[in-house]
Amino acid sequence: MPQPRLLVTRKLPDAVEVRARRDYDAVFNPEDRLYGPEELIRLTQDVDAVLTCSTERWTPELIEQLPARLRIIASFSVGYEHFDLPALRGHGIVASNTPDVLTEATADVAMLCLLGAARRAWESQLLLRERRWERPKMAELLGLELRGRVLGIVGMGRIGQALAQRARGFGLAIHYHNRRPLPAENAQGATYHDTLEGLLPRCNFLSLNGPGGAETRHLINERTLALLPEGAVLVNTSRGTLVDDEALLSALRSRRLFAAGLDVFDGEPAIHPGYYELPNCFLLPHIGSATVETRDAMGFRALDNLDAFFATGRAPDALN
Ligand code: 8YV
């Protein structure tokens with residue numbers, strides 16, 4: 001049996017590419033260019049499978065033009081809002097993601113964002129790097145203590161729960177909003193709110209850990225931001241689309257919010273320029289899953305899905 005032909009759309013860690021090259025007739029993207037829809041249509045014409053990232057959007061218009069030969073698109077990501085699942089299903093193409101393997105790394109970065117925002121890490125970095133640190137000042141660069149405050153988590157899935165576990169160690173009380181309350185063994189004493197409106201007024205810190213997509217677009221907007229207590233901190237490591245940038249920037253400028261810690265942005269990497277101007281933003285370039293172990297595990301999980309699909313016709317992490 002000839003090896004299935006696989007298009008790998010982005011440059012992936014070496015160990016992942018070595019395995020893909022061993023088991024597939026694989027085509028890579030060594031320059032790590034970002035493919036637009038036309039290029040994707042051209043490059044997929046002679047492949048059986050694609051290993052994609054969340055940087056490629058699989059829209060109905062694009063899916064319409066994929067060849068009958070293409071049977072599976074495995075994503076190197078847990079998020080899957082870049083897939084139009086009904087359109088893929090309609091074309092008999094299986095889509096899969098990589099759940100579980102990036103939970104801990106992403107929860108670590110959520111904690112980093114929370115601490116970076118609360119303790120004014122960016123302003124402190126600037127003071128040093130611009131050689132402006134004259135002497136320790138007792139009444140400057142004062143941040144927020146975590147102990148005894150409340151962290152609200154929107155979206156208490158795997159990553160939300162892993163963040164809650166970390167945050168408890170810092171003395172934060174956990175409240176959360178989810179479609180459904182968690183079983184007691186997963187909630188670990190966290191307080192459930194059945195509405196976002198019920199949760200927000202309780203939160204000194206708010207972390208967004210829900211999925212992207214149309215349903216959650218601009219969940220955090222002028223109205224919902226106004227429900228947070230004065231001086232709250234917003235953390236986002238899920239998807240930038242959850243936040244209305246103009247509303248957040250205005251709350252940060254007026255200091256109604258103390259700070260924000262953001263790893264994801266609407267339209268990234270072309271983020272809203274307003275963020276660059278504000279000292280009370282701790283900004284990271286979407287590095288939630290960026291550890292050696294996790295990025296390898298994501299690639300291996302995507303390949304596991306492809307292997308199982310070609311061996312049995314079923315991908316364990318199939319989404320459709
Ligand atoms: C990835 C992510 O870096 O897995 C996800 O959903 O957001 C990130 O971990 C990125 O999406 C790679 O495709």
Side-chain angles (χ1 to χ4, degrees), residues 6-17 20 28-29 32-37 40 49-59 62 72-85 88 95-113 154-163 207-217 219 235-243 261-271 283-306 315-320:
L6 169 70
L7 171 70
V8 182
T9 61
R10 299 291 312 277
K11 172 94 192 78
L12 298 182
D14 287 348
V16 178
E17 294 203 346
F28 297 97
N29 177 2
D32 203 20
R33 288 190 305 111
L34 281 181
Y35 298 145
L40 284 174
V50 177
L51 204 172
T52 191
C53 285
S54 56
T55 41
E56 289 79 51
R57 291 194 56 234
W58 299 90
T59 60
L62 169 55
I72 176 164
I73 307 180
S75 189
F76 182 96
S77 67
V78 64
Y80 53 85
E81 72 291 334
H82 54 301
F83 283 143
D84 189 299
L85 293 177
L88 285 167
S96 66
N97 68 340
T98 60
D100 300 323
V101 290
L102 42 69
T103 301
E104 304 298 326
T106 309
D108 286 348
V109 167
M111 207 60 224
L112 174 65
C113 286
V154 179
M156 196 65 149
R158 287 171 287 243
I159 298 170
Q161 289 174 50
L163 170 63
S207 174
L208 306 179
N209 297 98
E215 255 179 61
T216 56
R217 187 171 172 75
L219 198 67
V235 170
N236 190 5
T237 52
S238 59
R239 286 292 182 261
T241 50
L242 270 71
V243 175
L262 308 172
D263 184 47
V264 291
F265 303 86
D266 199 2
E268 61 188 43
I271 78 173
L283 310 175
L284 295 174
H286 201 150
I287 58 161
S289 64
T291 66
V292 174
E293 295 87 344
T294 292
R295 288 278 165 89
D296 280 354
M298 290 166 74
F300 296 151
R301 182 97 175 208
L303 288 170
D304 289 346
N305 275 284
L306 294 171
D317 300 314
L319 297 161
N320 57 347

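Atoms within a ligand are numbered from 1 in the order they appear, just like the ligands themselves.
Of all the atoms in ligand 1, the ones that sit under 4.0 Å from a non-hydrogen atom of Met298 are 4 (O), 9 (O). When each atom of ligand 1 is checked for a heavy atom of Ser77 under 4.0 Å away, the hits are 4 (O), 5 (C), 6 (O), 11 (O), 13 (O). The contact set between ligand 1 and Arg295, taken as ligand atoms under 4.0 Å from a residue heavy atom, comprises 3 (O). Less than 4.0 angstrom separates some heavy atom of Leu102 from each of these atoms of ligand 1: 4 (O), 9 (O). Below 4.0 Å from some heavy atom of Ser54 lie the following atoms of ligand 1, by number and element: 10 (C), 11 (O), 12 (C), 13 (O).
In terms of protein heavy atoms, atom 4 (O) of ligand 1 is closest to Val78 N, 2.8 Å. Of the protein's non-hydrogen atoms, His286 NE2, 3.5 Å is the one closest to atom 8 (C) of ligand 1. The closest protein non-hydrogen atom to atom 1 (C) of ligand 1 is Ser289 OG, 3.8 Å.
For ligand 1, one of its N or O atoms has an N or O atom of Phe76 under 3.5 Å away. Note: no N/O pair closer than 3.5 Å links Thr55 and ligand 1 by distance alone.
Atom CZ of Arg10 has more than 12 neighbouring heavy atoms from other residues, nucleotides or ligands inside a 6.0 Å radius.
Under a 3.5 Å cut-off, the side chain of Asp266 and the backbone N or O of Thr241 do not form any donor-acceptor pair. Between the side chain of Glu17 and the backbone N or O of Asp14 there is no donor-acceptor pair closer than 3.5 Å.
If you take CG on Leu303 and CG on Leu6, they are separated by 7.5 Å, rounding to the nearest 0.5 Å. Remark: Asp263 CG to Leu112 CG distance equals 8.5 Å, nearest 0.5 Å.
Closest non-hydrogen pair, Arg301 versus Asp317, comes out as NE-OD2, 2.8 Å.
A 4.5 Å side-chain heavy-atom check between Phe28 and Lys11 finds every atom pair outside the cut-off.
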